[in-house]
*Asks:* 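I have a structure I would like to understand better, so I am pasting it below and will then ask my questions one at a time.
Counting starts at 1 for both ligands and their atoms, in listed order. Quantities reported herein were computed from a predicted structural model and do not represent experimental measurements.
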Amino acid sequence: MCRVSRRELLLGGAALLAAAAESKSNAKTISAKPKTVQIGKVDQLSDGVYFHQGNLEVGHCNNGWIIFEDYVLVIDANFPSGAQEVIPKIKALTDKPIRFAFDTHHHGDHAYGNQVWVENGAVPVSHTGVIDEMKKYETGYYGGAPGRWEAAAKERPDVRGSKLKPPSVLFPREMIFDDGKHRVELIHLGVAHTHGDALAWLPKEKILFTGDACVNGPYNYVGDGNIEKWIATLEAAKKIGAKVVCPGHGARGTETVLNDQQKYFRSLREEVAKLVKAKKSPEQVRDSVEQVKAALKADTSIARYAEGSTLAHVEKVFEEMTGKKLPAAQKASLEARDLHAHAHGHSKSGNQASGHA
Ligand SMILES: [Zn+2]
């Protein structure tokens, strides 16, 4: 069932007209920064390379797509409704078949649309770690108790109307698409937002699609990853030499987005380390969250990351450093997690909450 509203269709139509005008002008240089807010608009980055900033109000992630000589490769499957929004926008630009949908990681807002892409002729592709993560969290699909999909289905009609389709074309480290004109390298650089993140790198255009290994704003969900390792993975991502960074959520930007995201986590760890060194009790650490938040927000380059689930971030770092959890922070933490989980289509009643509380 198509869940694209009339308004979305109209918005999409306007975006396509804009994209058509832009492609006619055949801009040779990629402007590193978008001129205006681009949510829901087709944003041409280069010849055959597109970015689409998803609407977070309905939980959608960002998408990208590359039009190769014979097929289209899409970056991130989105939620089913996100896939249904983007597919007509791609089809308006090219007659070439959409052959591959690359899941940057296993989360619902990046992978639950897989079945929609399959119905449109594409094969979901991912790093092998995505399957490992799905086996952990999508217990319902793998024959166990209801997992995240079933929890999301309770809240999202688009999930209810589709089914989980794990990727079936898998790569352990990297996979390369190269037809001589376009080259896209899908690469796993280590643990970050999850244990199965991979990025899409376009060496010719110096464009990096990061999935949620890098976001641009208060969208960091840290429950499934490891912040210490994430910092190292971002270091590896910085070395790639991207000029344009298309994050998993939020506006696209330049390589500074990678820097900012990494600096946020570094500063967060420094702030928590001060509390750990001062031998603060878990209760005291929990009660220091507003202070930590204020310290992080004082740095304008990272303030935008400290608007969201700071308590969940502090909890995660504290746990990584001490092996201890923050007592009685459970309720607030779950609330913070729900805020992000809402965007990711996870339910508070799902095993995500119980699995991490
Ligand atoms: Zn995610």
*Asks:* What's the atom name of the N, O or S in H193 nearest to the Zn ion (ligand 1)?
*Replies:*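 Relative to the Zn ion (ligand 1), the closest nitrogen, oxygen or sulfur of H193 carries the name NE2.
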*Asks:* Over 60° means perpendicular and under 30° means parallel, so tell me whether H193 and Y221 are parallel, tilted or perpendicular.
*Replies:* perpendicular
*Asks:* Can you pull the ring pair (Phe, Tyr, Trp, His ring centres under 6.0 Å) pairs that have at least one residue in residues 250-276, sequence neighbours excluded?
*Replies:* W230-F265, Y264-Y305, Y264-H313
*Asks:* Quickly, which of H52, H110, H60 forms a side-chain hydrogen bond (donor to acceptor under 3.5 Å, both in side chains) with D76? Name it, please.
*Replies:* H110
*Asks:* Extract all donor-acceptor atom pairs below 3.5 Å that involve side chains of residues 161-178 and protein atoms in other chains or at least two apart in sequence.
*Replies:*
{"residue": "D178", "atom": "OD1", "partner": "G180", "partner atom": "N", "Å": "2.8"}
{"residue": "D178", "atom": "OD2", "partner": "R183", "partner atom": "NH1", "Å": "2.8"}

*Asks:* Report the atom name of the nearest N/O/S atom of H107 relative to the Zn ion (ligand 1).
*Replies:*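 Closest to the Zn ion (ligand 1) among those atoms: ND1.
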*Asks:* If you check every N/O/S atom of D212, which is the one nearest the Zn ion (ligand 1)?
*Replies:* OD2
